[in-house]
Amino acid sequence: MKNNIFVEKDYQGSRLDVFLTEHLGFSRSHFKNLIDKNLVLVNEKSVKSGYKLREKDVIGIEVLEPQEISTKPEEIDFEIVYEDRDLAVINKPQGLVVHPCSTTKEGTLVNGLLHRIKDLSGINGELRPGIVHRLDKDTSGLLVIAKNDFSHTHLAEQIKNKTCHRDYLAVLEGNLKDESGRIETFIKRDPKDRKKMSVQPDGRVAITDYKVLKRYQRCCLVQFSLQTGRTHQIRVHSKYLNHPVVGDKLYGKEVKSLKGQLLHAFKLSFVHPRTLERVTFEVGLPDYFEQYLKKQF
């Protein structure tokens, strides 16, 4: 089966392998392997992994048959908020890595999914079955999981077209000046620290809407709505406002009483691939979030 992706103006000049990694969630090495085998074509022609994309390029990807899963099922603690034959919505706890990688080969959400959900989409290969989008290790909250390739393709297209809506709650250091607003910048990998993203004039457009829900003496509770989906977007934009997310060791400062940043994906809304009706899911704040806020009075 072949999927076509049309390149928009915002991504002109991007490397082919980087573009595919950010849009489809595979690793760069996975796409390099496909590109080297001529299973990824641009305008029906073979190209290299480092090919610089142009606006209106058409990327054709040959989707391989799902491989046998080698990742081991494990009993992992997470809540399944909703499940049907096409998808599942789960509430990922803080500290849980979404899928295996070079530094974390076991104990991931994928290991837990394989234990609790027997049918998962194979589009993302053996290391990321069912994974349509991700959350950082220390960000908690809602994720939608695809249980077949039909739903995976439909959901991935919604994320690409920004019709899948994601809302977050975060506690920020200090108090924002305005009650609400929109942050619009350009974000790319930080040239001085590859672990970080940063605001740079030659990056990709990143848009985040925010609203202050409650103010405390030394912090504030803020709702964020993503209009784009850049890596670490809320964390980078909070730092850009000089009010990093509390507990964010990468962009702010460590809080010894916390295991990571106070950032929670509390609301997720998308069109169900089968019924074509919009569905919305919400979850409350984790206990450690509530406990931190109670101490701020």
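These numbers come from the heavy atoms of this one structure, side chains and all, not from hydrogens, waters or symmetry mates.
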Hey, is the main chain of [Y] close enough, under 3.5 Å, to the side chain of [X] for a donor-acceptor pair?
X      : Y      : result
Asn111 : Thr108 : yes
Thr185 : Val199 : no
Gln233 : Gln227 : no
His264 : Gly284 : yes
Asp57  : Arg54  : yes

Q. Can you list every pair that meets side chain to side chain donor-acceptor pair (under 3.5 Å) and has a residue in residues 165-174, with sequence neighbours left out?
A.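 Residue pairs with at least one partner in residues 165-174: Asp167-Ser225.
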Do [X] and [Y] have side-chain heavy atoms sitting under 4.5 Å apart?
X      : Y      : answer
Met197 : Arg230 : no
Lys267 : Glu282 : yes
Cys219 : Asn175 : no
Val132 : His152 : yes
Val279 : Phe270 : yes
Leu120 : Val110 : no
Arg182 : Ile207 : yes
Lys32  : Asp17  : no

Transitive ILVMFWY side-chain link [X] to [Y], under 4.5 Å:
X      : Y      : result
Tyr51  : Tyr11  : yes
Val47  : Phe19  : yes
Leu268 : Val271 : no
Ile80  : Ile131 : yes
Leu16  : Val18  : no

Who passes ring pair (Phe, Tyr, Trp, His ring centres under 6.0 Å) against [X], sequence neighbours left out?
X      : result
Tyr216 : Phe297
Tyr240 : none
Tyr251 : His232
Tyr82  : Phe281

Q) Does anything in residues 234-248 pair up under salt bridge (Lys or Arg N to Asp or Glu O under 4.0 Å), and if so which pairs, sequence neighbours excluded? A)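 Found Asp136-Arg235, Arg235-Asp248.
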Q. Who else is in the cluster with Val58 when I, L, V, M, F, W and Y are joined by side-chain contacts under 4.5 Å?
A.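 Same cluster as Val58: Phe6.
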Q.
Do Arg278 and Ser269 pair up side chain to side chain, a donor and an acceptor below 3.5 Å, judged on atom types alone?
A.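 Yes, because at least one side-chain N or O of Arg278 sits under 3.5 Å from a partner of the opposite role on Ser269.
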**Q.** Pair Arg204-Thr228, side-chain donor/acceptor within less than 3.5 Å
**A.**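 No donor-acceptor contact under 3.5 Å links the two side chains.
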Q) Out of Leu172, Leu263, Ile183, Val222, which one pairs with Ile234 under the side-chain contact (heavy atoms from CB on, under 4.5 Å) rule? A)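 Result: among Leu172, Leu263, Ile183, Val222, Leu263 is the only option passing the side-chain contact (heavy atoms from CB on, under 4.5 Å) with Ile234.
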Once salt bridge (Lys or Arg N to Asp or Glu O under 4.0 Å) is applied, do any residues pair with [X], and if so which ones, sequence neighbours excluded?
X      : result
Asp202 : Lys188
Glu83  : Lys147
Asp84  : none

Measuring from atom [atom1] of [X] to atom [atom2] of [Y], what distance do you get when rounded to the nearest 0.5 angstrom?
X      : Y      : atom1 : atom2 : answer
Arg215 : Leu221 : CZ    : CG    : 11.0 Å
Ile145 : His133 : CD1   : NE2   : 6.5 Å
Ile117 : Asp119 : CD1   : CG    : 7.5 Å
Ile159 : Leu226 : CD1   : CG    : 11.0 Å
Leu213 : Glu179 : CG    : CD    : 10.0 Å
Leu135 : Leu143 : CG    : CG    : 4.0 Å

What are the two closest heavy atoms between [X] and [Y], and how far apart are they?
X      : Y      : value
Ser140 : Tyr288 : OG-OH, 3.3 Å
Ser46  : Asn38  : OG-OD1, 3.0 Å
Phe186 : Gly203 : CD2-O, 3.5 Å
Pro273 : Leu87  : CD-CD2, 3.7 Å
Phe78  : Asn91  : CB-O, 3.9 Å
Ala206 : Ile187 : CB-CD1, 3.5 Å

For [X], does the [atom1] atom have more than 12 heavy-atom neighbours from other residues, nucleotides or ligands under 6.0 Å away?
X      : atom1 : value
Asp193 : CG    : yes
Lys160 : NZ    : yes
Lys259 : NZ    : no

Q: Name all residues meeting the side-chain contact (heavy atoms from CB on, under 4.5 Å) criterion together with Lys52; count only those two or more places apart in sequence or in a different chain, and write none if there are none.
A: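 Once residues adjacent in sequence are excluded, the partners of Lys52 under the side-chain contact (heavy atoms from CB on, under 4.5 Å) criterion are Arg15.
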**Q.** With Thr275 via side-chain contact (heavy atoms from CB on, under 4.5 Å) - residues at least two apart
**A.**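 By the side-chain contact (heavy atoms from CB on, under 4.5 Å) rule, Thr275 matches His272, Glu277.
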Q | CA sep, side-chain torsions, deciding dist, call: Leu114, Lys72, side-chain contact (heavy atoms from CB on, under 4.5 Å) | A | CA-CA 7 Å; Leu114 291 172; Lys72 297 178 181 179; over 6 Å; no
Q: Could you walk me through whether Val40 and Ile59 pass side-chain contact (heavy atoms from CB on, under 4.5 Å), step by step?
A: CA-CA 7 Å; Val40 178; Ile59 304 170; 3.8 Å; yes
